[in-house]
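Quick notes on the structure that follows.
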Protein chains: 2
Amino acid sequence: MGSLSREIEKYLKALLENAKNGVIEVQRSALSDFFECVPSQINYVLSTRFTPAHGYIVETRRGGGGYVRIIRLNFANSDKLKLLFEEIIGTEISQNQAEGLLEYLKKEGILTRKETLLIKNIISDKVLSTSLIKNQDALRSRILQSVLATILREDI
Amino acid sequence: MGSLSREIEKYLKALLENAKNGVIEVQRSALSDFFECVPSQINYVLSTRFTPAHGYIVETRRGGGGYVRIIRLNFANSDKLKLLFEEIIGTEISQNQAEGLLEYLKKEGILTRKETLLIKNIISDKVLSTSLIKNQDALRSRILQSVLATILREDI
DNA sequence: TATAATAAGGTCAAAAATGGTCAGAGGTGA
DNA sequence: TCACCTCTGACCATTTTTGACCTTATTATA
């Protein structure tokens with residue numbers, strides 16, 4: 001008794017199985033035509049089943065030649081990363097904590113010295129202490145989530 | 001599938017690859033004939049994909065014997081580049097321009113693919129479009145300045 | 001040598017082509 | 001039944017494509 005959402009989910013996951021690199025590109029309108037549903041149903045599926053926490057990243061582009069790209073994350077040999085990832089979602093992280101996390105990733109050989117430095121500087125107070133930002137620690141958490149998700153991408 | 005603009009972009013970049021000196025000259029009308037599009041489409045491609053932020057300068061000339069010359073900047077002239085970068089990054093920078101700059105740095109071998117992806121994702125809408133931030137483009141500028149400063153450090 | 005014709009390229013705004021958001025209606029399982 | 005999914009539609013945002021009209025340089029000609 002699959003709901004439509006579950007069907008769409010299955011379909012996309014099947015596509016991903018056959019894709020090399022764990023990356024597929026589809027068009028939202030083509031998908032919604034195929035499943036005879038409204039386009040926003042596709043967004044619903046993506047936002048409930050293809051989030052980083054589920055192990056996917058979605059990138060889209062509007063306009064002519066637009067697309068929806070789904071990238072599968074590879075948690076296979078990084079349970080620890082998965083945990084970390086889940087732990088920091090929706091949290092706030094101080095500069096100190098963030099640096100600790102980055103150092104850990106460096107020590108594990110997951111980030112190089114240069115990558116660590118780049119990110120450390122980005123999330124430093126020097127960059128983030130600005131009236132442009134309402135809550136530094138919350139933004140820092142979002143940035144780190146993005147870093148973890150990128151690291152986990154299969155296609156890099 | 002891929003948009004026409006992307007095709008034209010690829011075509012020009014391929015020409016540049018084969019050109020020595022990183023300079024090519026084409027005729028707008030010849031290009032638009034070749035791609036069966038209106039001439040102004042070429043301008044669109046140039047202005048969205050071959051800006052200084054993307055690492056290119058475009059020079060044109062009208063009238064008989066007119067041309068469009070595309071010059072790819074190379075990092076060797078890094079004094080000029082530093083200035084250019086400062087100008088490009090300014091106090092605000094759009095996502096498109098920022099991504100162009102990162103792609104350029106990758107192409108020049110200054111950033112690896114992974115570093116590029118990490119930073120690109122950090123400055124993406126996904127991370128920065130949040131009510132936590134008042135002015136995305138301004139924060140993006142701060143982040144890129146930090147990245148450049150890190151890159152330009154001698155000790156890494 | 002002016003002047004007209006021709007041969008480039010430039011600008012800008014409207015239309016077309018995608019995808020995004022959000023609130024409310026409709027289902028469904030414990 | 002009640003909380004929690006799912007589905008829908010009206011409205012929004014971004015990117016690309018097109019076309020009408022404008023500017024500049026060169027060449028031919030009176």
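Throughout, protein chains are lettered first and strands after them, A, B, ... in sequence-line order, and every chain is numbered starting at 1.
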Rounded to the nearest angstrom, tell me the gap between atom CZ in Arg69(A) and atom P in dG19(C).
13 Å
Need one value for Arg49(B): base, sugar-phosphate or nothing, where a base atom within 4.0 Å counts as base even if backbone is also close, heavy atoms only.
sugar-phosphate
Protein-nucleotides 23-27 of chain C N/O pairs closer than 3.5 Å?
none

Indicate for each nucleotide in nucleotides 19-30 of chain D, in 5' to 3' sequence, whether protein heavy atoms under 4.0 Å reach the base (B), only the sugar-phosphate (S), or nothing (-).
B---BBBS----
Which residues share a side-chain hydrogen bond (donor to acceptor under 3.5 Å, both in side chains) with Glu86(A), sequence neighbours left out:
none
Tell me the interatomic distance from Gln27(A), atom CD, to dG20(C), atom C1', rounded to whole angstroms.
15 Å
note: Ile42(B), atom CD1; dT11(C), atom P; distance rounded to Å ~ 15 Å
For residues 99-110 of chain A, tabulate all N or O donor-acceptor pairs below 3.5 Å that involve a side-chain atom, not counting sequence neighbours.
from      : atom 1 : to        : atom 2 : distance (Å)
Glu99(A)  : OE2    : Gln95(A)  : NE2    : 3.2
Glu103(A) : OE2    : Lys120(A) : NZ     : 2.7

Report the hydrophobic cluster partners of Leu31(B), with the cluster defined as I, L, V, M, F, W, Y residues connected by side-chain heavy atoms closer than 4.5 angstrom, directly or transitively.
Leu4(B), Ile8(B), Tyr11(B), Leu12(B), Leu15(B), Leu16(B), Ile24(B), Val26(B), Phe34(B), Phe35(B), Ile42(B), Val45(B), Leu46(B), Phe50(B), Tyr56(B), Val58(B), Val68(B), Ile70(B)
Rounded off to whole Å, could you give me the CZ-to-C1' distance for the Arg6(A) and dG29(C) pair?
11 Å
In whole angstrom, what separates Glu7(B)'s CD from dT17(D)'s C1'?
15 Å
Under the side-chain hydrogen bond (donor to acceptor under 3.5 Å, both in side chains) test, which residues partner Lys82(A), sequence neighbours left out?
none
Distance test, side-chain N/O of Ser3(A) to OP1/OP2 of dT28(C), below 4.0 Å:
no
Value in whole Å for how far the P atom of dA17(C) lies from CG of Asp33(A):
14 Å
For Gln97(B), run the side chain to side chain contact (heavy atoms under 4.5 Å, CB included) check against Asp137(B), Thr51(B), Leu144(B) and tell me which one passes.
Thr51(B)
